[in-house]
Every structure is written in structure tokens, then in C-alpha cells.
Amino acid sequence: MRVIYPGSFDPVTYGHIDIIDRCAKQFNEVIVAVLDNRSKKNMFSIDERIELLKTTLSDYTNVQIDTFSGLLVDYAKEKGCNKVVRGLRAISDFEYEMQMALANKKLSHEMETFFMVAQGRYAYLSSSIVKEIAIFGGDISCFVPKAVEDAIKKK
Ligand code: PNS
């Protein structure tokens, strides 16, 4: 069974990696799909986000990194995969995730969304929080891998 793990990954954090690691154990193949959304102000370009994911996840033989633009349901159809996984951290994630899952179901009835609950130690972690801490000179080494930390410092 294959699953798509879509997101912005701007940049990838230990929270994302935990979800990918656990998915890689539950599914035969995990496609990490990075949204190429040029209208959104990202810290990292699409190529940089992909590169950081590739560096970080190089040990996984059943994880591939890809990119998509447009609707997730169209990308899923193109990949021949109707399963999507999203991480749930806190109840505050739930409303938006539920809305997305239901919208995707409406757009494509075959689409199934699986929610994976984040481990407690990552429940507060997000790419935005990491970027904010880094901008103000805080230590982010416990939130992101070394390659990501170095890349943020360079920006
Ligand atoms: O990491 P993020 O930013 O929470 O990921 C959000 C993402 C990329 C999964 C979501 O914005 C998405 O699927 N965008 C593609 C456009 C789309 O299909 N929108 C309709 C679903 S509501």
C-alpha cells in the first residue's frame, strides 16, 4: 500500500520526520509530496525544500520525495494513490484538517485521509515556530536535523 504525505515542509522538522518514519513502517511506500505554491511566501524555494527532505530521509528505501502544484486530489489521481496521511498535533489542527479531508472527499470520492497523531514531544512543533525561534537567534537544534539548522542559519 502506498500513501501520500503532502505538505509545505518549509522546512522539514523532527515532527514531520516522526510521521514519515512511522508511515514508512505502516505502508509499503510513502510519497512525501511538497506543495509548490509560488503565491505563498516560503523561506525555502521548492528545490531547497526537496533537497533538505532528500538529505534528511536518505536512509529510507521506501520513501520518495516529490512535488506537486494544484489540487491534491489531481496529484493523487496522477500517482494512482488514493490515500493521504496528515499529522494531527493538537485539537487546534483538527478543524482545518477535517475541512481539508472533507473537501478532498467531496472533490474525489475515492480519496481517503488518514490522521496520524503526533507524539507528545512534537505536539507543539511547527515549521513556523522553528523559523521564528531561529530569526530571533534561539537554539533550534532539538527541532530540526543539522542540515536544516545550517540551511536556516544561512538564510
Ligand atoms: O504543510 P501544510 O501547509 O499544512 O500542507 C497543506 C497542504 C499542502 C496539504 C494543502 O494546502 C494542500 O493539499 N494544498 C493543495 C491544494 C488543494 O488541494 N486544496 C484543496 C484541499 S482543501
Side-chain angles (χ1 to χ4, degrees), residues 1-24 26-27 29-57 60 63-135 140 142-145 147-149 151-152 155:
M1 249 202 291
R2 311 166 95 187
V3 73
I4 296 170
Y5 180 43
S8 302
F9 304 102
D10 184 47
V12 61
T13 69
Y14 282 136
H16 298 124
I17 294 167
D18 175 55
I19 300 286
I20 295 165
D21 178 71
R22 289 158 62 201
C23 279
Q26 301 299 326
F27 296 90
E29 197 184 341
V30 183
I31 305 171
V32 179
V34 189
L35 179 66
D36 184 1
N37 181 357
R38 281 154 213 269
S39 62
K40 197 175 157 191
K41 183 95 195 71
N42 290 304
M43 176 180 264
F44 293 96
S45 70
I46 185 70
D47 291 341
E48 289 170 330
R49 284 180 279 150
I50 290 172
E51 203 46 49
L52 288 172
L53 279 159
K54 282 190 175 160
T55 306
T56 307
L57 299 165
Y60 292 87
V63 174
Q64 54 163 292
I65 319 298
D66 196 15
T67 177
F68 76 105
S69 53
L71 287 178
L72 180 60
V73 290
D74 291 338
Y75 172 73
K77 272 186 201 147
E78 188 191 300
K79 285 276 149 188
C81 176
N82 69 336
K83 294 169 193 61
V84 163
V85 72
R86 292 282 293 168
L88 272 188
R89 290 165 300 190
I91 201 78
S92 50
D93 279 343
F94 187 75
E95 206 172 330
Y96 172 60
E97 293 299 334
M98 188 74 181
Q99 196 180 14
M100 266 205 307
L102 291 173
N104 284 332
K105 191 80 178 160
K106 182 79 185 163
L107 290 169
S108 167
H109 191 68
E110 295 92 69
M111 194 78 156
E112 297 294 354
T113 302
F114 294 80
F115 291 123
M116 188 167 268
V117 176
Q119 291 197 58
R121 65 175 187 271
Y122 300 125
Y124 61 89
L125 190 51
S126 71
S127 300
S128 311
I129 288 238
V130 171
K131 285 182 280 190
E132 181 154 332
I133 294 171
I135 284 167
I140 53 165
C142 55
F143 304 136
V144 293
V148 177
E149 190 188 344
I152 293 179
K155 288 274 168 188

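FYI, side chains are in, hydrogens and waters are out, and symmetry mates aren't considered; it's all heavy atoms of this structure. Both counts, for ligands and for their atoms, begin at 1 and track the order of listing.
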Does the distance from a Lys or Arg side-chain N to an Asp or Glu carboxylate O, for Lys105 and Glu112, drop under 4.0 Å? yes

Could Asp93 and Arg86 be called an ion pair, given the rule that one side-chain N must be under 4.0 Å from one carboxylate O? no

Going by the atom numbers of ligand 1, which of them fall below 4.0 Å from some non-hydrogen atom of Gly7? 1 (O), 5 (O), 8 (C)

Could you identify the single nearest non-hydrogen protein atom to atom 18 (O) of ligand 1 and state the distance to 0.1 Å? Leu72 N, 2.8 Å

The single option from Thr55, Thr56, Thr13 that satisfies side chain to side chain contact (heavy atoms under 4.5 Å, CB included) with Pro145 is Thr56

Yes or no: does Arg86 have any heavy atom under 4.0 Å from an atom of ligand 1? yes

Would you say the side chain of Val32 lies within less than 4.5 Å of the side chain of His16, judging by non-hydrogen atoms? no

Which one of Asp18, Ile20, Ile19 satisfies the side chain to side chain contact (heavy atoms under 4.5 Å, CB included) criterion with Met116? Ile19

Minimum-distance protein heavy atom relative to atom 21 (C) of ligand 1: Asn104 OD1, 3.4 Å

Can you report which non-hydrogen protein atom sits closest to atom 14 (N) of ligand 1, along with the distance? Leu35 CD2, 3.9 Å

Any idea which protein heavy atom is nearest atom 22 (S) of ligand 1, and the distance to it? Met100 CG, 3.4 Å

Which residue holds the protein heavy atom closest to atom 11 (O) of ligand 1, what is that atom called, and what is the gap in Å? Tyr96 OH, 3.8 Å

If you scan protein heavy atoms around atom 2 (P) of ligand 1, the nearest is Ser8 OG, 3.6 Å

Does Glu48 form a salt bridge (charged side-chain N to carboxylate O under 4.0 Å, His left out) with Lys155? I'd like the steps, not just the answer. CA-CA 12 Å; Glu48 289 170 330; Lys155 288 274 168 188; 3.0 Å; yes

Check if Gly70 has a non-hydrogen atom at a distance under 4.0 Å from any atom of ligand 1. yes

Specify whether Tyr124 and Phe143 have parallel, tilted or perpendicular ring planes, treating 30° as the upper limit for parallel and 60° as the lower limit for perpendicular. perpendicular

Taking atom 19 (N) of ligand 1 as the reference point, the nearest protein heavy atom with its distance: Leu71 CD2, 3.9 Å

